[in-house]
2 protein chains.
Amino acid sequence: MRIGELAARAGTTTRTLRYYEARGLLPARRDGNGHRTYDEDDLRLLRQIRTLQDFGFDLEETRPFVECLRAGHPEGDSCPASLVVYRRKLAELDALIGQLTAVRESVAGQLARAERARDELAVEALAPGGPEPLCELGGRER
Amino acid sequence: MRIGELAARAGTTTRTLRYYEARGLLPARRDGNGHRTYDEDDLRLLRQIRTLQDFGFDLEETRPFVECLRAGHPEGDSCPASLVVYRRKLAELDALIGQLTAVRESVAGQLARAERARDELAVEALAPGGPEPLCELGGRER
DNA sequence: CCTTGCCTTGACGCCGACGTCAACCCCTAC
DNA sequence: GTAGGGGTTGACGTCGGCGTCAAGGCAAGG
């Protein structure tokens with residue numbers, strides 16, 4: 001299988017495959033014309049990379065998984081180095097989610113405060129008489 | 001006040017201030033020497049920008065807040081355009097947190113599965129006799 | 001005079017994961 | 001022949017928010 005077919009079967013592009021090869025992640029054999037040649041095992045490696053990429057793993061973080069598969073193990077995460085990456089990623093995700101959640105609460109608080117301030121100004125504009133809202137709902141007599 | 005002092009008082013760098021000016025976010029007056037000159041209001045604008053940046057807002061997203069302050073409003077979020085940005089950011093944060101949480105669960109599941117597989121292989125290695133774990137804890141008779 | 005320190009503009013570097021273009025080769029079909 | 005649809009390498013562009021030089025100006029202090 002050549003580069004175009006592999007890219008299509010993995011749902012990616014030839015540029016990406018050449019990039020992976022340049023990074024030493026997915027080397028390719030060559031045929032007589034100098035064209036890159038891949039087999040089904042390469043497709044497995046590539047799918048492993050893509051799955052992790054979709055999870056937000058850096059390219060370098062996929063390397064242990066790829067090497068694990070290439071070493072003949074049944075799964076990319078059958079090796080201790082892959083588990084280390086999993087655990088590190090979990091910790092990163094927890095930290096990030098925690099930070100984002102804190103920011104989310106801050107922004108929500110700011111939004112609520114700003115909307116309250118806006119509404120109070122609106123009410124003030126409707127009742128230009130006095131600054132204290134003392135249940136003068138009639139509003140006719142001064 | 002000149003650029004170095006403003007940067008120091010806002011906890012940022014002169015490079016950053018020049019960058020903001022180039023983006024049209026924080027223009028500066030000039031003194032006789034061509035040096036940038038700022039006042040206390042500029043410090044308020046800058047602090048507004050920095051606060052939002054720390055929350056993860058893009059620079060462009062801080063623009064409504066800055067313009068709101070420059071228009072004379074008491075707070076950067078006293079204008080409807082700022083509230084729109086708040087709400088959009090909240091939605092983005094919710095979406096992102098949701099995605100990250102889903103990824104987190106996937107990774108946790110993968111890790112658990114991989115660890116289970118590893119442990120089963122370890123047990124198998126300890127009992128090379130038969131593939132079925134039928135309570136043969138004695139392990140002495142074949 | 002010279003150094004020090006602050007300022008100026010301009011321009012390139014960085015990071016990651018590619019996209020995009022240029023110029024060229026190879027095989028096949030018409 | 002020639003057009004088309006693969007492939008090759010090389011190199012620059014992208015995105016944001018600056019960092020980091022380089023080369024020079026201007027004022028105060030010794």
Side-chain angles (χ1 to χ4, degrees), chain A residues 1-39 42 45-66 85 88-89 92-93 96 100 103, chain B residues 1-39 42 45-66 85 88-89 92-93 96 100 103:
Chain A
M1 162 175 34
R2 289 186 301 175
I3 193 170
E5 186 183 346
L6 178 61
R9 288 181 63 184
T12 182
T13 69
T14 61
R15 178 67 182 93
T16 296
L17 298 189
R18 279 188 271 261
Y19 178 66
Y20 290 171
E21 181 173 9
R23 306 306 316 273
L25 205 58
L26 192 66
R29 280 113 284 171
R30 302 301 179 110
D31 68 9
N33 289 326
H35 292 177
R36 289 172 178 82
T37 303
Y38 303 90
D39 56 23
D42 291 319
L45 302 190
L46 180 52
R47 287 195 166 134
Q48 172 76 78
I49 297 173
R50 291 269 96 196
T51 298
L52 294 175
Q53 284 272 88
D54 290 344
F55 279 171
F57 284 56
D58 294 343
L59 212 46
E60 276 311 306
E61 292 178 321
T62 73
R63 197 178 292 274
F65 295 80
V66 174
V85 175
R88 190 157 47 81
K89 207 62 184 179
E92 285 175 14
L93 283 168
L96 183 55
L100 289 177
V103 167
Chain B
M1 141 178 52
R2 289 187 301 176
I3 193 170
E5 186 183 347
L6 178 61
R9 288 181 64 184
T12 181
T13 69
T14 61
R15 178 68 184 92
T16 296
L17 298 188
R18 279 188 272 262
Y19 178 66
Y20 290 171
E21 182 174 9
R23 306 305 320 269
L25 205 58
L26 192 67
R29 279 113 285 169
R30 302 302 180 109
D31 67 8
N33 289 326
H35 292 179
R36 291 171 177 82
T37 302
Y38 303 89
D39 56 22
D42 290 319
L45 301 190
L46 180 52
R47 286 194 167 136
Q48 173 74 79
I49 297 172
R50 290 270 97 195
T51 299
L52 294 175
Q53 285 271 88
D54 290 344
F55 280 171
F57 283 55
D58 295 343
L59 255 191
E60 278 310 306
E61 292 178 322
T62 73
R63 197 179 292 273
F65 296 81
V66 175
V85 174
R88 190 157 46 80
K89 207 62 183 180
E92 285 175 15
L93 283 168
L96 183 56
L100 289 177
V103 167

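Within every chain, numbering begins at 1; the chains are lettered A, B, ... in the order of the sequence lines, protein sequences first and strands thereafter.
Using a 4.0 Å cut-off between charged side-chain N and carboxylate O, B:Asp42 and B:Arg29 make a salt bridge. A salt bridge between B:Glu92 and B:Lys89 is present, with a side-chain N of the basic residue lying under 4.0 Å from a carboxylate O of the acidic one. At a threshold of 4.0 Å, the pair A:Glu60-A:Arg63 counts as salt-bridged, since one of the basic side-chain nitrogens sits closer than that to a carboxylate oxygen.
Rounded to whole angstrom, the span from the CG atom of B:Asp54 across to the C1' atom of D:dG17 amounts to 13 Å. Nucleotide D:dG16 holds its P atom 11 Å from the CD atom of B:Glu61, rounded to whole Å. Counting to the nearest Å, the P atom of C:dC7 and the CD atom of B:Glu21 are 13 Å from each other. A straight line from CZ of A:Arg30 to C1' of D:dG7 spans 10 Å, rounded to a whole angstrom. Rounded to whole Å, the distance from CD1 on B:Ile49 to C1' on D:dG17 is 13 Å. A straight line from CZ of A:Arg2 to P of C:dC27 spans 10 Å, rounded to a whole angstrom. The separation between B:Leu25 atom CG and D:dG16 atom C1' is 14 Å, rounded to whole Å.
Side chain of A:Arg18, nearest nucleotide from C:dC27, D:dT8, C:dC6: D:dT8.
Between A:Asn33 and C:dC27 there is a side-chain polar atom (N or O) within less than 4.0 angstrom of OP1 or OP2.
Residue A:Ile49 forms a side-chain contact (heavy atoms from CB on, under 4.5 Å) with just one option from A:Asp54, A:Thr16, A:Leu25, and that option is A:Leu25. Paired with B:Arg36 under the rule side-chain contact (heavy atoms from CB on, under 4.5 Å), one option of B:Arg30, B:Arg2, B:Met1 passes, and it is B:Arg30.
Side-chain contact, B:Thr14 with B:Arg18: a donor N or O sits under 3.5 Å from an acceptor N or O.
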Heavy atoms under 4.0 Å is the rule here; annotate nucleotides 13-22 of chain C 5' to 3' with B where the base is hit, S where only the sugar-phosphate is, and - elsewhere.
----BBBB--

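Comparing A:His35 and B:Ile3, the nucleotide of DNA chain C nearest to each residue sits closer to the 5' end for B:Ile3.
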